[in-house]
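Everything below concerns the one structure shown next.
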Amino acid sequence: MARKEGKDRGITFKRGKWWVRLYVNGREKWYRTSTKSQAKALYGRLKADVREGKYFRKEKPIPFRRLSEEYEAALDATRRGRIGDDRARIRVWIDLFGDQDARTIAPDQVERAIHALQRKNYRPATIHRYFTVLKAILNRSLALKQVRAEISQRVKLPKYDNQIVRYLSSRQEETLLDSLPARYRPIVVVALNTGLRQGELLRLRWQDIDWDIGMITVHQTKSGKPHRVPMNSKVQTILNELKNPDEPHSQDRIFPHHLKHLRRVFQKAVKNAGLEPFRFHDLRHTFASRLAMQGANDRTIMALGGWQSPAMLSRYAHLSPMHLWNAVERLGQMGTGTKTGTTRGGGKA
């Protein structure tokens with residue numbers, strides 16, 4: 001790249017942005033970038049195009065709002081309109097960037113937004129979720145691959161431990177259920193005995209229950225694949241009690257709670273029971289933890305919980321040390337005759 005007086009020609013910094021300037025057929029052209037490295041790369045590419053006689057049209061902007069609305073529509077299509085907190089997170093980014101060309105989004109803008117969330121005392125895990133939503137929005141366009149990579153590389157997020165496992169003891173479970181209004185207890189008990197996620201439970205309909213073989217079929221899961229969960233006797237009893245004496249309509253929801261109301265009631269019960277910061281999702285952790293503590297192997301826990309990767313089970317490994325004890329116990333039962341030439345009685349062979 002040509003340099004003059006120690007500076008890169010055709011690249012300048014003004015109004016908080018890096019700009020590329022060059023002449024095409026005698027006409028001055030300006031292109032805005034987020035960083036100096038982007039400006040250098042763009043300048044080199046454009047100069048090469050000029051040398052080869054190519055003419056490049058001004059690229060159309062990619063409004064961030066449009067990408068966000070497309071992402072939200074995609075979530076609605078896959079989750080039947082119930083996308084939980086992601087909708088609110090999308091709105092936060094839309095309020096920040098609006099119709100700004102997504103190619104001009106700079107890491108420092110994102111960092112300022114992250115700092116604003118920290119000042120509002122958002123938890124690190126929640127901030128990570130906001131950041132994940134932003135990356136998913138930018139991923140809607142292949143043209144933003146470099147922007148997304150630079151944001152991921154340069155934006156520093158607060159650290160948090162994703163391996164923390166919160167689970168209820170039997171006594172804590174009783175305390176929590178006593179703190180809940182009666183109409184909300186069934187969904188919590190079913191969650192503890194099936195490991196289903198909050199959204200999966202709220203989407204369950206009577207047609208998803210197979211009473212003959214005792215199975216619940218979850219059609220829309222996090223992985224996108226249907227998942228079947230066996231019902232133990234406690235779950236079957238609860239669902240039988242919830243069933244309308246008249247034959248329920250197959251399309252009726254089993255738990256007709258509103259997401260916000262359920263969350264508010266659950267968190268209030270957690271606070272009254274002295275179990276903060278326990279979350280509804282921790283009922284799923286309780287399900288898996290209890291399976292591990294009862295000696296269930298990884299394949300069984302994966303199948304029952306619908307996990308796609310064994311790596312997700314590493315957080316429960318410390319709860320199931322039985323196989324480790326069995327391994328070292330077998331060492332004590334092994335004879336040493338072949339190694340030392342001695343018999344069990346201590347004499348020479």
Side-chain angles (χ1 to χ4, degrees), residues 16-20 30-39 41-42 45-46 49 56-118 122 124-158 160 162 197-200 202-203 219-226 259 281 308-309 312:
K17 297 290 182 182
W18 284 95
W19 297 80
V20 172
W30 288 84
Y31 299 88
R32 184 174 61 180
T33 63
S34 299
T35 64
K36 187 176 182 180
S37 59
Q38 286 182 0
L42 179 60
R45 179 171 64 83
L46 296 179
D49 288 346
F56 30 88
R57 295 170 297 178
K58 185 176 181 180
E59 295 178 321
K60 293 182 179 180
I62 305 176
F64 181 82
R65 187 188 306 275
R66 190 194 74 200
L67 289 179
S68 301
E69 291 172 350
E70 290 177 357
Y71 175 66
E72 188 171 354
L75 289 181
D76 280 336
T78 57
R79 304 189 196 178
R80 295 184 185 177
R82 298 183 181 90
I83 62 175
D85 290 339
D86 279 355
R87 196 186 304 278
R89 293 174 184 131
I90 293 170
R91 292 299 167 197
V92 167
W93 294 118
I94 289 178
D95 290 343
L96 176 62
F97 297 121
D99 292 312
Q100 177 180 340
D101 186 347
R103 284 173 300 199
T104 67
I105 294 176
D108 59 331
Q109 289 180 281
V110 179
E111 282 193 330
R112 286 196 294 271
I114 297 298
H115 295 157
L117 295 177
Q118 288 178 303
Y122 280 54
T126 302
I127 293 175
H128 275 254
R129 181 59 194 167
Y130 272 88
F131 190 66
T132 299
V133 168
L134 173 62
K135 291 193 296 182
I137 293 172
L138 297 178
N139 206 35
R140 298 289 302 176
S141 173
L142 293 176
L144 300 175
K145 184 176 181 180
Q146 184 176 354
V147 174
R148 185 177 185 274
E150 187 169 3
I151 288 174
S152 298
Q153 182 178 7
R154 292 183 53 190
V155 174
K156 295 182 179 180
L157 298 173
Y160 76 104
N162 193 35
R197 299 176 178 89
Q198 183 175 238
E200 294 169 346
L202 291 176
R203 287 192 293 269
H219 297 282
Q220 288 186 314
T221 64
K222 187 176 180 180
S223 66
K225 300 178 181 179
L259 175 62
H281 191 75
Q308 300 297 307
S309 169
M312 296 298 293

Would you say that [X] contacts [Y] through its side chain, given a criterion of any heavy-atom pair below 4.5 Å between the two side chains?
X: W93; Y: V110; result: yes
X: R140; Y: I62; result: no
X: Q153; Y: E150; result: no
X: L42; Y: R45; result: yes
X: Y130; Y: T126; result: yes

Sidechain N-carboxylate O distance under 4.0 Å for [X], [Y]:
X: E70; Y: R66; value: yes
X: D86; Y: R129; value: yes
X: D95; Y: R91; value: no

Spatial distance of atom [atom1] ([X]) from atom [atom2] ([Y]) [nearest 0.5 Å]:
X: L117; Y: L157; atom1: CG; atom2: CG; value: 10.5 Å
X: R65; Y: I94; atom1: CZ; atom2: CD1; value: 6.0 Å
X: D108; Y: R112; atom1: CG; atom2: CZ; value: 4.5 Å
X: S152; Y: F131; atom1: OG; atom2: CZ; value: 4.5 Å
X: F64; Y: Q100; atom1: CZ; atom2: CD; value: 9.0 Å

Flag, side chain of D101 to backbone of P63, donor-acceptor distance under 3.5 Å: no
Closest non-hydrogen atom pair between [X] and [Y], with its separation:
X: A143; Y: R103; value: O-CG, 4.5 Å
X: Q109; Y: T104; value: OE1-O, 3.7 Å
X: I114; Y: P158; value: CG2-CD, 4.3 Å
X: A39; Y: V20; value: O-CG2, 3.3 Å
X: L96; Y: A113; value: CD2-CB, 3.6 Å

Chi angles and distances behind the side chain to side chain contact (heavy atoms under 4.5 Å, CB included) call for L144, I105: CA-CA 10 Å; L144 300 175; I105 294 176; over 6 Å; no
Verdict with supporting geometry, R87 and E72, salt bridge (charged side-chain N to carboxylate O under 4.0 Å, His left out): CA-CA 7 Å; R87 196 186 304 278; E72 188 171 354; 2.7 Å; yes
Over 12 foreign heavy atoms within 6.0 Å of CD, Q146: no
K17, NZ atom: more than 12 neighbouring heavy atoms under 6.0 Å: yes
Show which side-chain atoms of residues 132-139 pair as donor or acceptor with protein atoms under 3.5 Å away, not counting sequence neighbours.
{"from": "T132", "atom 1": "OG1", "to": "H128", "atom 2": "O", "distance (Å)": "2.9"}

